[in-house]
**Q** 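This structure is in structure tokens; I'll ask about it shortly.
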There are 2 protein chains.
Amino acid sequence: MSDNKNTLTDAVHDLLRKAIIEQALKPGMRLPEDTVGEQFGVSRTIVRHALVRLENQGLVVTLRNRGAFVAEPSREEAQNVFEVRRCLENEVVRLLCQRFPENGYDRLKAHVRQEENVRGKDGPVSIRLAGEFHILLAELTGNTVLARYVSEVVLRCSLIMSLYARSHSSDCAVDEHSQIIDAIRDGNDKRAIGIMEHHLGAVAGRAALSPQTDSIQSILSHYGKELNQ
Amino acid sequence: MSDNKNTLTDAVHDLLRKAIIEQALKPGMRLPEDTVGEQFGVSRTIVRHALVRLENQGLVVTLRNRGAFVAEPSREEAQNVFEVRRCLENEVVRLLCQRFPENGYDRLKAHVRQEENVRGKDGPVSIRLAGEFHILLAELTGNTVLARYVSEVVLRCSLIMSLYARSHSSDCAVDEHSQIIDAIRDGNDKRAIGIMEHHLGAVAGRAALSPQTDSIQSILSHYGKELNQ
DNA sequence: TTTGCGTCAATTGGATACAATATGCTTGCC
DNA sequence: GGCAAGCATATTGTATCCAATTGACGCAAA
């Protein structure tokens, strides 16, 4: 999953991404280059490269001469991400029903067992594992391009959920993960897609319906979009 | 289309991308940071940022301590890109049949007229225009995330076609572009998706069937994969 | 008290200098 | 004549330095 080329930039990039996904770094938080650099013991150059990549992935927003911030996706953007995610993950399921790799079933089941082990714990680990299930699914298609895009939208969804949803314990119903696996194994594409649709719909719905108090920044940024232009 | 923040990095990024798509920079070509920098009159720092972004978009490959090269997608990778593109563009058409913006018809028609003007010319302009039709289509959905991904895969397809297809004049049949527009306007989603499928299938097929002489590198890398491991 | 202006500190944008690493060539040996 | 080791070169990886821009604070005037 991590594209480690063992360069410092990659390491910093992975760390920052992990910190964002696990909500150690909360949306809207500033990411000054030198602060981050000192923290990790590297120069600003490295941090900047990492931030450029995170921005490309939609996890970070940078403002010219202002610096980088953990992204605060608007509701509209969240909706867009969900729309793309549903489209891509349906394709994943469809493909897997056509061509399911040898060891796929075992790997997926093993992952679900991990998820069950932390069931109920409302922490970073369960958030990460829930996302990784979907990423693993995408990787099993053998289509690396598809896997990369799924990975990106899943990560962005994690960020979105941390903004708009109250609780994460039920972000991904583990039961449904199991059901999806079984449907895929049976080659039952209609059923598999149906469950996936329902699964993602539930996640998106929870995000849309829980109007957790927006941060001042996100409210104002929403109303002030014209001004900034 | 260009995400101009008016920073030098963006400018260099746009230029390089354009050069790659228009085949001024051919697949496999080296992109040394200082050479590119001198050419554009900027420092390596800028070029590096641009290259990082191009790598994320799959147009450039970088090898540690070796440098950056214009990507040479393998047939397998090409297949993957097409698979994702078909999935995404079907979603675009589906969405547009649901919600088609006010000025959409006029903008699309205007674009097709541009394409007709250069019909028959087998040059960079027609390649670019053909791709931009699909990108415009995606932008009309209003989903910026979707539009970005479509843009990426379309650009990669341009690169792929330059590697594997003989001629580009018929990359995108302009007639079919018109047909898609009309089907969308009529809200006939089945028909619109059908045409799009056929349209993309034709492109993918031409790439797969025309075994233009592979570059030495790609041939050897294909046969030598076991060795390198 | 509030509004407007000017200066200053903080932070990023960009360039250059140095270090690390891979490649290609030369040289020497078998 | 072919192969391997070592050196030279070229290129990237990283750090540091200067410049440009922005936001904040304070002061003065209405």
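Just so you know, these numbers use all the heavy atoms, side chains as well, and skip hydrogens, waters and symmetry mates. Sequence lines set the chain letters: A, B, ... in the order given, protein chains first and strands last, and positions in each chain run from 1.
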**Q** Taking B:Lys26 for the side chain and B:Gln23 for the main chain, is one N or O donor matched with an acceptor at less than 3.5 Å?
**A**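 Checked: pair present.
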
**Q** Once you round it to whole Å, what is the distance between P of C:dT12 and NE2 of A:His49?
**A**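 For the pair A:His49 NE2 and C:dT12 P, the rounded distance is 15 Å.
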
**Q** Measure distances between side-chain N and O atoms of B:Arg44 and base N and O atoms of C:dG14, and say whether any donor-acceptor pair falls under 3.5 Å.
**A**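 There is none.
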
**Q** Determine, for nucleotides 5-11 of chain C in 5'-to-3' order, which nucleotides have protein heavy atoms under 4.0 Å from the base (write B), from only the sugar-phosphate (write S), or from neither (write -).
**A** ------S

**Q** Evaluate the side-chain contact (heavy atoms from CB on, under 4.5 Å) criterion for residues A:His13 and A:Gln57: first the C-alpha distance (whole Å), next the side-chain angles of each, then the deciding distance (0.1 Å), finally the verdict.
**A** CA-CA 11 Å; A:His13 171 253; A:Gln57 295 169 8; 3.3 Å; yes

**Q** Between the side chains of B:Arg148 and B:Glu152, is the shortest nitrogen-to-carboxylate-oxygen separation below 4.0 Å, so that they form an ion pair?
**A**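 B:Arg148 and B:Glu152: salt-bridged.
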
**Q** Between C:dA15, D:dA15, C:dA17, which nucleotide gets closest to the side-chain atoms of B:Ser43?
**A**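 Nearest listed nucleotide: C:dA15.
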
**Q** Test B:Arg156 against every option in B:Glu77, B:Glu83, B:Glu72 by the salt bridge (charged side-chain N to carboxylate O under 4.0 Å, His left out) rule and name the one that passes.
**A**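 So, applying the salt bridge (charged side-chain N to carboxylate O under 4.0 Å, His left out) to B:Arg156 and each of B:Glu77, B:Glu83, B:Glu72, only B:Glu77 qualifies.
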
**Q** Closer than 3.5 angstrom, by distance alone: can the side chain of B:Asn143 be matched with the main-chain N or O of A:Asn80 as a donor-acceptor pair?
**A**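 Flag set: sc B:Asn143 to bb A:Asn80 pair under 3.5 Å.
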
**Q** Is A:Thr7 close enough to D:dT14 that one of its side-chain N or O atoms is under 4.0 Å from OP1 or OP2 there?
**A**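 Yes, within the criterion.
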
**Q** Hey, mind stepping through A:His199 and A:His177 against side-chain hydrogen bond (donor to acceptor under 3.5 Å, both in side chains) and telling me if it holds?
**A** CA-CA 8 Å; A:His199 185 57; A:His177 285 185; 3.2 Å; yes

**Q** For a quick test of reading the model: is some side-chain N or O of B:Arg48 closer than 4.0 Å to OP1 or OP2 of D:dG13?
**A**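 Answer yes for this pair, as a side-chain N or O of B:Arg48 is under 4.0 Å from OP1 or OP2.
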
**Q** Over how many whole Å does the gap from A:Leu63 atom CG to D:dG23 atom C1' extend?
**A**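 Taking CG of A:Leu63 and C1' of D:dG23, I get 13 Å after rounding.
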
**Q** Taking atom P of D:dT12 as reference, at what distance in whole Å does atom CG of A:Asp10 sit?
**A**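 Spelled out: CG on A:Asp10 to P on D:dT12 is 17 Å.
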
**Q** Starting at atom CG of A:Leu8, determine the distance to atom P of D:dT12, rounded to an integer number of angstrom.
**A**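 Rounded to whole Å, this separation is 18 Å.
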
**Q** So which nucleotide from D:dA15, C:dA15, D:dT14 ends up closest to the side chain of B:Val42?
**A**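 Among the listed nucleotides, the one closest to the side chain of B:Val42 is C:dA15.
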
**Q** Identify whether the distance between the nearest side-chain nitrogen and carboxylate oxygen of B:Lys109 and B:Asp106 falls below 4.0 Å.
**A**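 Looking at B:Lys109 and B:Asp106, the cut-off is not met.
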
**Q** Return yes if some donor-acceptor pair links the side-chain N/O of A:Arg99 with the main-chain N/O of A:Thr141 below 3.5 Å, else return no.
**A**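 Checked: pair present.
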
**Q** Can you check the B:Ile46 CD1 to D:dT12 P distance for me, whole Å?
**A**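 For the pair B:Ile46 CD1 and D:dT12 P, the rounded distance is 16 Å.
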
**Q** Using the criterion of both pairing distances under 3.5 Å for Watson-Crick and G-U wobble pairs, give all stems of 3 or more consecutive pairs involving DNA chain C.
**A**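 The stems are C:1-30 with D:1-30.
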
**Q** Nearest nucleotide by nearest heavy atom, which residue falls closer to the 5' end of DNA chain D, B:Leu31 or B:Thr45?
**A**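 Checking each residue's closest nucleotide, the 5'-ward one belongs to B:Leu31.
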
**Q** Determine whether B:Glu132 and B:His111 satisfy the following criterion, side-chain hydrogen bond (donor to acceptor under 3.5 Å, both in side chains), listing intermediate values before the conclusion.
**A** CA-CA 9 Å; B:Glu132 282 176 2; B:His111 189 96; 4.9 Å; no

